[in-house]
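Working notes, structure below.
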2 protein chains.
Amino acid sequence: MNANPSEAAVQAWARLVRVSGALLDAVEAELKAAGFPALAWYDALLELSRAPEGRLRPFELERHMLLPQYSTSRLIDRLEKAGLAERLGCPNDGRGQHVAITEAGRALRERMWPAYAAAIERHVGSKIGCSDAEKLAELLGRLSGAASDGTLCGGAAVARV
Amino acid sequence: MNANPSEAAVQAWARLVRVSGALLDAVEAELKAAGFPALAWYDALLELSRAPEGRLRPFELERHMLLPQYSTSRLIDRLEKAGLAERLGCPNDGRGQHVAITEAGRALRERMWPAYAAAIERHVGSKIGCSDAEKLAELLGRLSGAASDGTLCGGAAVARV
DNA sequence: TGCGGGTTCATGCAGATGCATTCAATTAAG
DNA sequence: CTTAATTGAATGCATCTGCATGAACCCGCA
């Protein structure tokens with residue numbers, strides 16, 4: 001149980017760290033350059049927009065996004081301040097609340113998707129074939145505890161190539 | 001040139017972001033739990049220790065680590081404050097300097113490697129076979145602009161399984 | 001009813017990051 | 001030589017993060 005990693009594992013890890021960081025930076029930069037907020041906002045808006053009635057409890061959002069609790073709390077602060085989401089009281093649970101996406105929030109997410117999709121295409125799609133992308137996703141999935149992840153886009157916006 | 005990404009590309013991207021984030025968090029947490037500094041420090045110490053005479057120009061370190069300039073400058077600040085590296089003047093170029101790893105820096109990096117390796121094994125090696133790890137590294141490499149990355153460990157510390 | 005333990009969420013504070021700017025030295029141009 | 005453009009590095013300021021803590025509430029139990 002205390003075995004050392006194989007060279008292949010170390011190499012895979014090194015690339016994972018490096019490449020994911022570089023791509024994340026690049027994609028975030030494209031979003032920012034297009035005048036949009038950061039990826040975390042997109043993810044949060046997407047989670048909310050997909051949830052029934054467009055609302056989630058903060059702790060649910062937290063688990064979907066794999067974020068620390070305080071980080072979620074503050075993300076909600078900012079979304080609320082920007083008018084993209086709102087906090088609503090929670091009738092069943094006095095300490096809790098619901099976070100609901102606003103119309104402005106839905107609209108922003110939809111406007112962001114084309115830019116986001118273009119960035120994904122530029123930095124991933126164009127560099128790797130379709131079947132290789134599937135293989136990559138499968139290998140990555142094997143590394144993940146069990147994190148299920150859906151699509152990145154809400155509705156009909158995914159135009160196939 | 002404005003094509004939309006395939007679903008496979010989107011899925012690969014989504015997993016890449018999610019899994020790399022989760023693994024990075026997990027590995028960093030293990031290092032921290034073992035009383036060690038963050039991964040960025042390890043990387044910097046490794047880069048320095050591999051460089052000829054154990055020194056690099058800050059802008060070189062910056063490029064190796066894919067970090068913004070100010071971030072490198074401050075990382076060096078902290079390494080220096082911790083006695084792990086030192087800034088030396090640069091004779092040929094008056095505005096520049098050299099950053100040299102200290103003995104304490106080398107020693108720390110060597111002490112960190114076993115903990116780091118164990119974390120890599122736990123979160124990567126144990127979940128994926130050797131040939132799959134190679135495949136993963138290859139696919140990731142195809143996504144990277146051209147970022148060459150060596151091994152994660154300096155010297156003889158890589159004991160094969 | 002009242003107490004103890006667990007959940008949900010917010011926040012004060014220190015440290016880290018991003019951004020723009022500044023300074024100084026080198027190189028290039030006229 | 002003088003001036004301008006470029007490169008290497010640091011820093012002030014606002015924002016963001018991590019960590020610890022605290023407040024409000026839920027539940028189970030005697």
Side-chain angles (χ1 to χ4, degrees), chain A residues 21-22 24-33 35-44 47-48 51 55-82 85-100, chain B residues 21-22 24-44 47-48 51 55-82 84-100:
Chain A
L24 227 14
D25 286 352
V27 170
E28 290 253 25
E30 280 194 37
L31 280 186
K32 184 157 306 184
F36 289 124
L39 263 185
W41 288 38
Y42 183 90
D43 288 340
E47 292 293 343
L48 290 176
R55 65 179 59 184
L56 284 173
R57 300 283 303 267
F59 76 92
E60 295 176 302
L61 185 59
E62 170 190 337
R63 283 163 202 174
H64 283 310
M65 299 187 62
L66 304 180
L67 243 43
Q69 181 269 322
Y70 54 81
S71 188
T72 309
S73 175
R74 281 161 173 158
L75 178 55
I76 297 170
D77 280 351
R78 285 168 237 147
L79 291 177
E80 191 172 36
K81 201 157 301 175
E86 49 187 349
R87 290 187 224 245
L88 309 171
C90 183
N92 341 352
D93 191 335
R95 69 213 145 148
Q97 36 178 308
H98 288 282
V99 182
Chain B
L24 225 16
D25 286 352
V27 170
E28 290 253 26
E30 280 194 37
L31 280 185
K32 184 158 306 183
F36 289 124
L39 263 185
W41 288 38
Y42 183 89
D43 287 340
E47 292 294 342
L48 290 176
R55 66 179 59 185
L56 284 174
R57 301 283 303 265
F59 75 92
E60 295 176 302
L61 185 58
E62 170 191 336
R63 282 161 202 175
H64 284 310
M65 299 187 64
L66 304 181
L67 244 40
Q69 181 269 323
Y70 54 82
S71 188
T72 309
S73 176
R74 281 159 172 160
L75 178 55
I76 296 171
D77 280 350
R78 286 169 239 145
L79 291 177
E80 190 171 38
K81 202 157 302 175
L84 303 172
E86 50 188 348
R87 290 187 224 245
L88 309 170
C90 184
N92 343 352
D93 190 335
R95 69 213 147 152
Q97 38 179 308
H98 288 282
V99 182

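Sequence lines set the chain letters: A, B, ... in the order given, protein chains first and strands last, and positions in each chain run from 1. For clarity, every value in this text was computed on a predicted model and none was experimentally measured.
Heavy-atom minimum distance, A:L48 versus A:A85: CD1-CB, 4.3 Å. In plain terms, the two heavy atoms of B:L61 and B:E47 that are nearest each other are CD1-CB, 3.8 Å. When all heavy atoms are compared, the tightest approach of B:H98 to B:C90 is NE2-SG, 3.7 Å.
Comparing A:D25 and A:R57 by the nucleotide of DNA chain C that holds the closest heavy atom to each, the one mapping nearer the 5' end is A:R57. Nucleotides of DNA chain D nearest to A:P91 and B:G96 differ in position, and the one nearer the 5' end is that of B:G96.
A straight line from OH of B:Y70 to P of D:dA14 spans 17 Å, rounded to a whole angstrom. When the P atom of D:dT15 is taken as reference, atom CH2 of A:W41 falls 12 Å away, rounded to whole Å. Atom pair B:M65:CE and C:dT17:P shows a separation of 10 Å (rounding to whole Å applied). If you take CG of B:L66 and P of C:dT17, they are 15 Å apart, rounded to a whole angstrom. Atom pair A:R78:CZ and C:dT11:C1' shows a separation of 13 Å (rounding to whole Å applied). Nucleotide D:dG8 holds its P atom 12 Å from the CD atom of B:Q97, rounded to whole Å. Spacing between atom CD of B:E60 and atom P of D:dT7 amounts to 16 Å, rounded to whole angstrom units. The separation between A:D93 atom CG and C:dT7 atom P is 13 Å, rounded to whole Å.
Distances shown here put every side-chain N or O of A:Q69 at or beyond 4.0 Å from the OP1 or OP2 atom of D:dG18. The phosphate of C:dA10 (OP1 or OP2) has a side-chain N or O of A:S73 nearer than 4.0 angstrom. For D:dC19, the OP1/OP2 oxygens have a side-chain nitrogen or oxygen of B:K32 closer than 4.0 Å. Within the 4.0 Å cut-off from OP1 or OP2 of D:dC27, not a single side-chain nitrogen or oxygen of A:R95 is found.
A donor-acceptor distance shorter than 3.5 angstrom exists from the side chain of A:R57 to the backbone of A:Q97, with no hydrogens or angles considered.
Side-chain N/O atoms of A:R74 and base N/O atoms of C:dG12 include a donor-acceptor pair closer than 3.5 Å.
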List the atom pairs, donor and acceptor, that lie under 3.5 Å between side-chain atoms in residues 34-41 of chain B and the rest of the protein, sequence neighbours left out.
none

